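Data block below; observations after.
Keep in mind that what you see is a predicted model, and the values were worked out from it rather than measured.
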Amino acid sequence: MKEVLLTVVDIQSTAFQEYGSYLDTDQAKPAYESEAFNFWNKLALLSFKSASFGLVESYPQSSLESSTFEQHGNTPEVLIPTGGDIILVIALPKKEKKTEIDIESVKAFLLPEGKAVVLKPYVWHFAPLVKDRPVKTFVVFEEDTPDNDLRMRHTDQEQSITFRVQGV
């Protein structure tokens, strides 16, 4: 088994733009400001016929490893961590065959609590990794995604590769 070490990349860097959009109010002016609250509108615009709001709770493991990936071709996926930061191990699809993982594009990004990302369709991902405590992450995508738009890959079985995150 080959182990590939991934160093966490700053999610605010241009490196994330290939995978999706990083949503951060620090980068946008509020649409409404007052002493009681600020409101940011249109941080992302998504075309859902019927959106599903789900939740994944990730638990700390003995090591931050990933070899399972999922993909949705028909919908973007929004991830919003609450209660702590999460690590996303994600990959681009191969250009010539979108249902396969571009192994060279696998990266690890730290998504801070209270921020959000919108993963583009076809971006490979799986449940977030967490370092030291359970963290809940809201998941938003098209309602029928888990039933009708889900492809899975296991790099440990298919390519004998496991990705291990370091530097967190």
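A salt bridge does not link D85 with K131: none of the charged nitrogens is closer than 4.0 Å to a carboxylate oxygen. Between R151 and E70 there is no salt bridge, since no side-chain N of the basic residue sits under 4.0 Å from a carboxylate O of the acidic one.
Interatomic distance, CG of N74 versus CG of L150, reported as 11.5 Å (0.5 Å rounding). D24 contributes atom CG, which lies 5.5 Å from atom CD of Q12 (distance to the nearest 0.5 angstrom). Atoms NZ and OG, on K136 and S58 in that order, are 11.5 Å from each other to the nearest 0.5 Å. A distance of 8.0 Å separates CG in L23 from CD1 in I80, rounded to the nearest 0.5 Å. Rounding to the nearest 0.5 Å places NZ of K2 at 10.5 Å from OG of S160. Between T68 atom OG1 and M152 atom CE the span is 6.0 Å, to the nearest 0.5 Å.
Using the six-membered ring where Trp is involved, F141 and H72 have ring planes that are perpendicular, over 60° apart on the 30 and 60° scheme.
Between the side chains of E57 and Y59, at least one donor-acceptor pair of N or O atoms lies under 3.5 Å. Side-chain polar atoms of S50 and E143 form a donor-acceptor pair below 3.5 angstrom. Using modelled atom types, one finds a donor on one side chain and an acceptor on the other under 3.5 Å when comparing Q166 with T7.
A distance-only check finds a donor-acceptor pair linking the side chain of H125 to the backbone of V123 [under 3.5 Å]. Between the side chain of Q71 and the backbone N or O of Y122, at least one donor-acceptor pair lies under 3.5 Å. Checking side-chain atoms of S105 against main-chain N and O of L92 turns up a donor-acceptor pair under 3.5 Å.
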Can E158 and R153 be said to form a salt bridge (charged side-chain N to carboxylate O under 4.0 Å, His left out), step by step? CA-CA 8 Å; E158 296 174 22; R153 291 281 189 188; 3.2 Å; yes
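Taking the centre of each ring, Y22 and F16 stay at or above the 6.0 Å mark.
In this structure, T162 and V4 have side chains that are not in contact, with every pair of non-hydrogen atoms separated by 4.5 Å or more.
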